[in-house]
Amino acid sequence: MQRRTLACPVAPLSPRAPRRSARRSSAAALLGAALSALSMLLALLAPGSALADPGADRAERDEGARPPAAGTALFSAGVDLEIAGRTLSYSDLLSDNLRTYEVLGVPMPSLRGELYPFARSAVPVLRDLGVELSYARALGLDSEGAGGASVSTSWSRLHAGLRGRYRLAGQDGPVLFAGGGLRWTDFDIESTGDPSRDAASVSYVALRVGVDGRLPVGPVALEAGGGVQAPLSMGALASHFRAPSAGGVDLRVAVAAPFAPGLEARAGASYARFFYDFDSEPEDTYIAGGALDQLFSVHLGVAYHGQ
């Protein structure tokens, strides 16, 4: 194979040309370095820079170390993993055809959110009035049927309502919340044909009114609250008894620790208790004076407060 070379005329250089070229290159390099250093110095001295304002960088770091301002947030959203349980027992039980119920360690993912659509309004009442919504559903839950057989079981919870907030000491201080709405708690055991087992199914549709608070303590925030529930319907359990009546209460506690601006890690526990009163007669098929249904969980999660 032959290699072709294209010949181009090149003007002859004098012996001094390389020295002048090198001098020009050195001068240009020095000038470029000087301009670059000057630009960097001006940038450091510009308003808002870390050198001009030594506290600016520290303020940015501290922003992620403070609990998010939940008292002024436009919206909040969170996801949790609950580990839940339930126990059902009877009081003054005189018939032997009813069974207690217990389940522990049930994984139950949950979602929740709050929105304050008028948070940027100048009207004090409107800017702190919002709506809240939450939903949770158990995964892989089964109950024990006759002979130890596995029976499909579902457990879910839905809440929707109005929510108001009141700041006790500025946007970074304690916040008091109050709300009201509807809460649906459904625990359904697939029918087994055995009323003593099927009686554990409930479906609470309740009016709920509650209060809770959030208290910043150093780098974390503590939360606690509770409410009362007035069931409008109760499901299969109540249908087994004469003149049933029921009421409910719930409690919750949590601690939140920020790890990025607007974001916080959360851990807590919740407890709900429904208490029944029955007007049983000796001739009834199922005889008990009342029942106690307890639902509880611990949870870990993440929440975001958007400003």
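Remember, predicted model here, so these are calculated numbers, not experimental data. Numbers here are sequence positions counted from 1.
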Cut-off 3.5 Å, side chains only: do [X] and [Y] have a donor facing an acceptor?
{"X": "S134", "Y": "H159", "answer": "no"}
{"X": "S89", "Y": "T100", "answer": "no"}
{"X": "T185", "Y": "W155", "answer": "no"}

Next item on the list: Taking ring pair (Phe, Tyr, Trp, His ring centres under 6.0 Å) as the test, write out the residues that go with F274, two or more places apart.
Entry: Y204
Next item on the list: Taking all non-hydrogen atoms of both residues into account, name the closest pair between P231 and G247 and its distance.
Entry: CD-CA, 3.9 Å
Next item on the list: Give the minimum heavy-atom separation between M234 and S245, together with the two atoms involved.
Entry: SD-C, 4.4 Å
Note to self: As a quick check of understanding, evaluate salt bridge (charged side-chain N to carboxylate O under 4.0 Å, His left out) for R208 and D250, giving each step before the final call.
What the structure shows: CA-CA 9 Å; R208 181 187 183 275; D250 59 80; 2.8 Å; yes
Which pairs would a plain distance check flag for residues 283-290, meaning a side-chain donor or acceptor within less than 3.5 Å of a matching protein atom at least two apart in sequence or in another chain?
{"residue": "D284", "atom": "OD1", "partner": "R242", "partner atom": "NH2", "Å": "2.6"}
{"residue": "D284", "atom": "OD2", "partner": "R242", "partner atom": "NE", "Å": "3.3"}
{"residue": "D284", "atom": "OD2", "partner": "E281", "partner atom": "N", "Å": "2.7"}

Between [X] (side chain only) and [Y] (backbone N and O only), is there a donor and an acceptor less than 3.5 Å apart?
{"X": "R86", "Y": "L295", "value": "no"}
{"X": "S152", "Y": "E190", "value": "no"}
{"X": "T153", "Y": "V151", "value": "yes"}

Margin query: If the condition is side-chain contact (heavy atoms from CB on, under 4.5 Å), which residues does Y116 pass it with, not counting sequence neighbours?
Written below: E114, A119, R163, R165, F177
Checklist line | ILVMFWY cluster, L133 and Y135 together (side-chain gap under 4.5 Å) | finding: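 Cluster IDs for L133 and Y135 match.
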Next item on the list: Scan S156, S233, S203 and name whichever one has a side-chain hydrogen bond (donor to acceptor under 3.5 Å, both in side chains) with W184.
Entry: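 Only match with W184 under side-chain hydrogen bond (donor to acceptor under 3.5 Å, both in side chains): S203.
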Notebook entry, point to check: Distance from R273 atom CZ to Q294 atom CD, nearest 0.5 Å?
Noted result: 5.0 Å
